[in-house]
Asker: 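Have a look at this one before I ask anything.
Numbers restart at 1 for each chain; the letters A, B, ... are given by sequence-line order, proteins then strands. No hydrogens, no waters, no symmetry mates; every other heavy atom, side chains included, goes into these values.
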Amino acid sequence: MQYQMAQLLSGKLSGHDYTGTDIASVVITGMSVVFIGLILLVLFVSIYGGIFNKRNQKKKAAEEAAKKAAEAEKAKQAESKPVSAAKAPAVEDGIEEEIVAVIAAAVAAMGAKSGKKLVLKSVKRSVSQRDPWAAAGLADNTRPF
Amino acid sequence: MIDQFLSTIADLAKDSGVAGFFVDGGWKNIVMILISFLFMYLAIAKGFEPLLLLPISFGMLLTNLPGADMYHSEFWVYQTVGDNDHYIDYGNILQHGGLLDILYMGVKLQIYPPLIFLGIGAMTDFGPLIANPKSFLLGAAAQGGIFFTFLGAAILGMSAAECGSIAIIGGADGPTSIYVSSKLLSNSDSIGVGTIALAAYTYMALVPIIQPPIMRALTTKKERSIVMGQLRPVSKVEKLIFPILVTVVIALMIPSAAPLVGMLMMGNLLKESGVCDRIAKTAQNELMNIITIFLGVTVGATTTAKTIMTLSFAKVIILGVIAFSIGTACGILLGKLMCVLTHGKVNPLIGSAGVSAVPMAARVSQKVGQEEVPTNYLLMHAMGPNVAGVIGSAVAAGVLLSIVAH
């Protein structure tokens, strides 16, 4: 069998010049090569996936522990200084709370994407007269390569 | 004067395309034009892969209009030099070829399919596959359709090159089918690249009709109702390593699969790196669209009356659907095996997504699964085997190319 496969791979099939065993070995060789290739990939991906997964979990565990410690500390601080609440963003007059909430949510979503914790410090009306969409378009078109 | 007028009119009529219909075998062109209308109808009214079938069917119309001279199948005959060395006379094509001849060089020289793969790579998220690497096996099993169809075609007495070209339809991957068949088939074979592409794209459009009955027949209600848990999140570094790893492993193992897999993975790396947004977007959109137009219209142009109106065409159509069905069945059967081995954690329905046809096959798995348990979301689980199927059929293509002489 092995001999046949080796023969098959050295001398290529062409025209109508093939036998039943040739075809059978095409089927067997083909399927086994595809499976061997993809099994190799399964192994590699599993190994590095396993490593990264473990590392991520460790990181997560460490983060959680740190969070817990921080919370415990905060709780301690809160006991001594009960008035320290999260700083509310400075909002210009005439901007509705709903809009502030939407902006805060968008900022939080962006922060979650990059893994950073962003804080909304203040909300002010833009001084520029250019429509924000037009400004975005302008920026997109004039950004250098 | 009237005589002169009449003779001029007669000459014009003789030179016109209409006269071409009345010469020997001209009726075949009329049949082909009608078939092209049918495919246009399927693409426009029925939404059968319109992005490809519409250019293909229009190419089919153009090439069968007598006298338009846009594509010449006789240019693509291999010239033989010495004992075994054969080549196509590209100089002759550049000098005398029509528009579609020039564009077809991109198919014959295997330029378009890898570029399409670049775009596909830039659009694909391999996350589900990295999260569950065992999906690779399902993507491999579904390639069974390719090799068993090779057997079927051989039994029907096709030549080795034809067997390989028909079998690759079972990979359910248009660019791969075109890649393999354009490399294997020469003008002396009874089928052309266009025939293979037409069959492949038609069957890909029919995936939602062909697959579900096979999926239901091979699985029990209990198996179909298996709910699979959430996939683990995949980190960015893993996504970055994946394309590089796959390219190195596959290209070293099966060098002839390197153009397809390499471009697929390069596209993916461009996307995942996050620093080449402009290029990734071009690969996904502009480049992919341009190549799709060139590929579609030229592949359609190869369906000249001479190559299609043969008994072999019927064989391609029949073997193509068999290839698809066996591929689906192989995927499902391995899915069942994995279900038993994992004590019912794997829903065998995701196996059928191992035939490429991204993302249609995965959607079919999702739909059939939801018929049993409406809250079951198999889509992401099925995307794993689905994208593995793309890699699998590129590997299978490489194997076919290294076994069959071209």
Asker: Does anything in residues 99-106 of chain A get under 4.5 Å of chain B by heavy atoms, and if so which residues?
Answerer: none

Asker: Just checking A:Phe35: does its CZ atom have more than 12 heavy atoms from other residues, nucleotides or ligands closer to it than 6.0 angstrom?
Answerer: yes

Asker: Heavy atoms, side chains only, cut-off 4.5 Å: are B:Leu137 and A:Val42 in contact?
Answerer: yes

Asker: For chain A, find which of B:Gly164, B:Gly157, B:Ala167, B:Ala257 contributes the most heavy-atom pairs closer than 4.5 angstrom.
Answerer: B:Gly157

Asker: Answer with side chain, backbone, both or neither: which region of B:Leu151 has an atom nearer than 4.5 Å to a non-hydrogen atom of chain A?
Answerer: both

Asker: Could you please state which residues from residues 51-60 of chain A sit under 4.5 angstrom from chain B, measuring non-hydrogen atom to non-hydrogen atom, sorted by number, or 'none'?
Answerer: A:Phe52, A:Asn53, A:Asn56

Asker: Pick one of side chain, backbone, both or neither for B:Ile146, based on which atoms fall under 4.5 Å of a heavy atom in chain A.
Answerer: neither

Asker: First locate atom CG of A:Leu41, then atom CZ of B:Phe242, and finally report the distance between them rounded to the nearest 0.5 Å.
Answerer: 7.0 Å

Asker: For the interface with chain A, which of B:Lys236, B:Gln143, B:Met253, B:Arg232 has the highest count of heavy-atom pairs at distances below 4.5 Å?
Answerer: B:Arg232

Asker: Non-hydrogen atoms of chain A under 4.5 Å away: do they reach the side chain of B:Val246, the backbone, both or neither?
Answerer: both

Asker: Can you find a heavy atom in the side chain of B:Phe136 that is under 4.5 Å from one in the side chain of A:Ile39?
Answerer: no

Asker: Please classify the contact of B:Ala141 with chain A as side chain, backbone, both or neither, using a heavy-atom distance under 4.5 Å.
Answerer: both

Asker: For a quick test of reading the model, state the closest non-hydrogen atom pair linking A:Tyr48 to B:Glu238 and the distance between them.
Answerer: OH-O, 2.9 Å

Asker: Side chain from CB out, backbone as N, CA, C, O: work out which of these in A:Leu38 comes under 4.5 Å of a heavy atom of chain B, or both, or neither.
Answerer: both

Asker: Looking at every non-hydrogen atom in both residues, tell me the closest pair between A:Tyr18 and B:Cys163 and how far apart they are.
Answerer: OH-SG, 4.0 Å

Asker: Mind ranking B:Ile241, B:Val395, B:Ile250 by heavy-atom pairs under 4.5 Å with chain A and telling me who comes out on top?
Answerer: B:Ile241

Asker: About how many Å separate OG of A:Ser46 and CD1 of B:Ile130, when rounded to the nearest 0.5 Å?
Answerer: 11.5 Å

Asker: Which of the residues B:Ala131, B:Gly139, B:Ala388, B:Ser159 is involved in the greatest number of heavy-atom pairs with chain A at under 4.5 angstrom?
Answerer: B:Ser159

